[in-house]
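I have placed the structure first, in the form of structure tokens, so that the comments after it can refer back to it.
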Amino acid sequence: MFALVDGNNFYVSCERVFRPALLHRPIVVLSNNDGCAISRSNEAKALGVRMAEPWFEVERRLPDAGIVALSANFCLYGDMSSRMMSIAAGLGPGMETYSIDEAFISLAGVRGDLTRRADLVRERILQWIGVPCGVGIAATKTLAKLANHIAKSAHRKPGSYPAELARVCNLAALPPADLDAVLSATDLGEIWGIGPRIAAQLREEGLRTALDVAHMDPATVRRRWSIVLERTVREMQGQPCMVLDEAPGPKKEIACTRSFGQTVTRLQDLQEAVSEFACRAAEKLRKQGGRAGQVHVFIQTSPFRRGDRQYGQSITLPLRRPTADSTLLAGMACRGLRAIYQQGFKFAKAGVILLDLADADMEQGELDLDDPGRDRGQLMLAADRLNERFGRGTVKLASAGLAGDARNWTMRQNLRTPDYTTRWTDLPIARA
DNA sequence: TCTGGGGTCCTAGGACCC
DNA sequence: TCTGGGGTCCTAGGACCC
């Protein structure tokens with residue numbers, strides 16, 4: 001048995017904790033560069049703001065709706081997330097943190113009324129953290145996901161499902177006939193693992209609801225689609241195919257990619273950006289105690305600027321030996337950049353992806369005949385500690401551009417709230 | 001003017017091996 | 001006329017997730 005705990009409109013809810021005046025108002029949180037809406041309050045959803053809708057289009061479409069937009073503050077959301085997870089963990093013996101706002105919890109061996117227990121945890125998260133959650137409970141992870149969707153819909157859109165399923169939906173507690181009724185009231189596109197493409201193919205076959213998918217024959221699904229969809233179908237039938245992954249292994253690739261605040265044309269600007277992205281990726285790599293064997297770098301123009309000449313190119317470079325050294329990784333990334341750069345284009349985005357990751361203590365010994373640059377492990381450690389203590393960017397490579405220089409490629413974030421919970425100077429102050 | 005970022009898994013097909 | 005069989009590894013691309 002699994003539970004899925006999921007924060008409602010998570011980023012928006014985090015912002016509201018520290019600015020209660022935003023309650024009951026249409027709010028959106030924007031992606032990097034203040035580009036698209038990535039979290040919407042119920043009021044914003046009701047106004048028709050779509051997921052990932054560009055903010056400038058929302059402003060044009062609904063100029064008088066009084067929608068408040070905020071730049072994403074991932075420091076705040078990450079900290080709020082870990083607080084929420086620490087309470088959610090009390091629901092059962094094991095937990096898998098699935099995303100910043102979701103956790104699967106094993107209910108194996110938990111006795112008593114699971115629905116009530118889940119409701120108490122939900123209330124505690126609301127009271128202690130201030131974030132509203134929904135909980136789904138079912139025999140498999142896929143069904144628990146769907147139960148969570150139903151819990152939220154029943155709460156947000158009264159009449160869509162029986163009212164007693166609001167906030168906490170325990171599919172395992174429903175009589176079979178009621179379960180079928182709920183599944184047949186749910187579109188198949190809501191099922192975890194069925195994206196737009198597969199959904200369209202299934203509709204082509206005349207299927208419509210989650211119940212239709214649950215009635216498919218696994219062998220046929222495997223033959224005509226894939227083992228992935230077969231697992232989804234079996235999970236919909238109550239047969240667990242996915243286990244709780246309590247301790248996910250180290251990442252297999254680590255990326256840092258960004259759109260620019262404005263387009264750039266010069267190699268110098270791209271070099272600063274690529275150098276910085278490589279360093280950021282390298283920091284993440286050192287955090288998980290790894291080394292990278294290859295560096296992938298890409299640059300591209302904006303496909304949205306239809307009038308511009310388009311160009312996109314990428315390259316993957318192998319390292320002579322795996323490393324987590326920012327200077328070596330940034331150097332390699334910049335070498336790749338010089339190989340793919342073309343003059344005369346307005347570049348909108350670039351990125352660095354570290355590949356072929358291995359554990360740092362797995363090292364191939366070799367004779368050091370042509371020293372290609374020593375791994376500055378101690379220097380990296382010192383830099384990481386300084387940046388941790390005094391803030392990101394305290395120590396960095398000069399090739400990423402010095403403060404005070406142009407750095408015209410950095411992203412826009414004009415609507416950002418303070419780091420209320422992770423920075424002393426941003427601590428909210430209560431006045432009597 | 002203005003359009004996000006970071007991942008995972010699976011599969012088909014090519015290269016290569018004996 | 002007729003040209004084997006069995007296997008591994010790697011990669012690019014597609015699909016999905018939040």
Side-chain angles (χ1 to χ4, degrees), chain A residues 4 6-11 28-40 49-61 63 69 71-74 77-78 81 96-104 141-142 145-146 148-149 189-202 222-232 235 241-242 245 248-263 277 280-281 284-285 288 293-294 296 298 300-308 314 316 318 346 348-357 411-415:
Chain A
L4 181 75
D6 185 329
N8 299 347
N9 318 330
F10 186 67
Y11 298 165
V28 298
V29 170
L30 304 177
S31 62
N32 276 342
N33 251 340
D34 294 340
C36 302
I38 54 172
S39 180
R40 305 158 292 156
V49 179
R50 294 184 305 275
M51 186 60 180
E53 185 173 359
W55 172 237
F56 74 90
E57 284 183 10
V58 177
E59 275 186 307
R60 193 164 33 185
R61 197 159 57 81
S71 303
N73 183 345
F74 292 109
Y77 312 147
S81 170
E96 170 186 349
T97 303
Y98 177 68
S99 75
I100 194 163
D101 69 333
E102 283 170 87
F104 285 105
K141 289 170 93 173
T142 302
K145 274 288 262 189
L146 203 63
N148 186 277
H149 164 77
E190 302 295 343
I191 297 171
W192 188 44
I194 297 185
R197 294 268 156 69
I198 305 290
Q201 291 168 19
L202 295 176
R222 182 174 198 147
R223 189 158 25 84
R224 295 199 41 199
W225 282 275
S226 67
I227 193 172
V228 184
L229 189 60
E230 182 195 2
R231 279 201 285 255
T232 296
E235 288 240 320
C241 301
M242 302 182 202
D245 189 6
K251 298 226 183 308
K252 296 171 180 174
E253 51 183 76
I254 289 176
C256 182
T257 71
R258 290 281 180 282
S259 297
F260 303 135
Q262 53 181 293
T263 57
F277 300 163
R280 278 289 301 136
K284 296 186 207 172
L285 179 63
Q288 78 165 29
Q294 301 187 65
H296 181 86
F298 71 84
Q300 64 185 52
T301 52
S302 169
F304 299 109
R305 299 169 68 108
R306 303 287 289 279
D308 290 3
S314 69
T316 305
K346 294 177 179 164
K349 184 175 180 176
V352 174
I353 306 175
L354 304 180
L355 305 165
D356 201 6
L357 306 188
M411 67 183 172
R412 291 185 306 274
Q413 273 207 315
N414 300 325
L415 310 163

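Order of the sequence lines fixes the chain letters, A, B, ..., with proteins taken first and strands second; residue numbering starts at 1 for each chain.
Applying the 4.0 Å criterion to OP1 and OP2 of B:dG6, one finds that A:Thr257 has a side-chain N or O inside that range. OP1 or OP2 of B:dG5 sits under 4.0 Å from a side-chain N or O of A:Lys349. Taking side-chain N and O atoms only, A:Lys251 has no distance below 4.0 Å to OP1 or OP2 of B:dT8.
No engagement by A:Pro303 is indicated, since no non-hydrogen atom pair under 4.0 Å with the nucleic acid exists. Contact annotation for A:Trp192: backbone-only contact, meaning every heavy-atom pair under 4.0 Å involves sugar-phosphate atoms and none involves a base. Here A:Arg305 lies in heavy-atom contact (under 4.0 Å) with sugar-phosphate atoms only. Note on A:Ile353: nothing from the nucleic acid sits closer than 4.0 angstrom, heavy atoms only. Within 4.0 Å (heavy atoms only), A:Leu229 reaches no atom of the nucleic acid at all. Heavy atoms of A:Glu102 sit under 4.0 angstrom from primed sugar atoms or phosphate atoms, though from no base atom. Contact annotation for A:Ile100: no contact, since no heavy-atom pair falls under 4.0 Å across all strands. Backbone-only engagement by A:Asp101 is indicated by non-hydrogen atom pairs under 4.0 Å involving sugar-phosphate atoms exclusively. Within 4.0 Å (heavy atoms only), A:Arg231 reaches sugar-phosphate atoms of the nucleic acid but no base atom. Counting any heavy atom pair closer than 4.0 Å across all strands shown, A:Asn32 reaches sugar-phosphate atoms only and no base atom.
In this structure, A:Trp225 atom CH2 and B:dT11 atom C1' are separated by 17 Å, rounded to whole Å. With rounding to whole Å, A:Arg306 atom CZ is found 14 Å from B:dC2 atom P. When the P atom of B:dC9 is taken as reference, atom CD1 of A:Ile198 falls 18 Å away, rounded to whole Å. When rounded to the nearest whole Å, the span between NZ of A:Lys346 and C1' of B:dT1 equals 11 Å. A:Ile254 places its CD1 atom 14 Å from the C1' atom of B:dT8, with the value rounded to the nearest Å. Rounded to whole angstrom, the span from the NZ atom of A:Lys284 across to the C1' atom of B:dG6 amounts to 7 Å. At whole-Å resolution of the value, NE2 in A:His296 and P in C:dT11 are 13 Å apart. Going from atom CG of A:Asp356 over to atom P of C:dC9 covers 15 Å, rounded to whole Å.
For A:Lys284, the NZ atom counts as densely surrounded, since its 6.0 Å shell holds more than 12 non-hydrogen atoms of other residues, nucleotides or ligands. Summarising the local packing, CZ of A:Arg197 is surrounded by 12 or fewer heavy atoms from other residues, nucleotides or ligands at distances under 6.0 Å.
Closest to the side chain of A:Tyr98, from the set B:dC10, C:dC18, B:dC9, is C:dC18. Distance from the side chain of A:Arg197 is smallest for C:dC16 among the nucleotides C:dC17, B:dG4, C:dC16.
Put simply, the side chain of A:Asp101 never gets that close to the backbone of A:Asn8: no donor and acceptor are under 3.5 Å apart.
The pairing partner recorded for B:dC18 is C:dG5, the criterion being a Watson-Crick or G-U wobble arrangement whose two distances lie under 3.5 angstrom.
The heavy-atom pair separating A:Pro63 from A:Arg60 by the smallest distance is CD-O, 3.5 Å.
Closest-nucleotide positions on DNA chain B for A:Ser259 and A:Arg60 were compared, and the one nearer the 5' end corresponds to A:Arg60. Toward the 5′ end of DNA chain B lies the nearest nucleotide of A:Ala255, the other residue of the pair A:Ile227 and A:Ala255 mapping further downstream.
A donor atom on one side chain and an acceptor atom on the other are not found under 3.5 Å apart for A:Trp192 and A:Glu235.
In this structure, A:Glu96 pairs ionically with A:Lys141, as a charged nitrogen and a carboxylate oxygen lie closer than 4.0 Å.
Put simply, OG on A:Ser226 and CZ on A:Arg231 are 8.5 Å apart, with the number rounded to the nearest 0.5 Å.
Between B:dC17 and C:dG4, the distance separating the two C1' atoms is 15 Å to the nearest Å.
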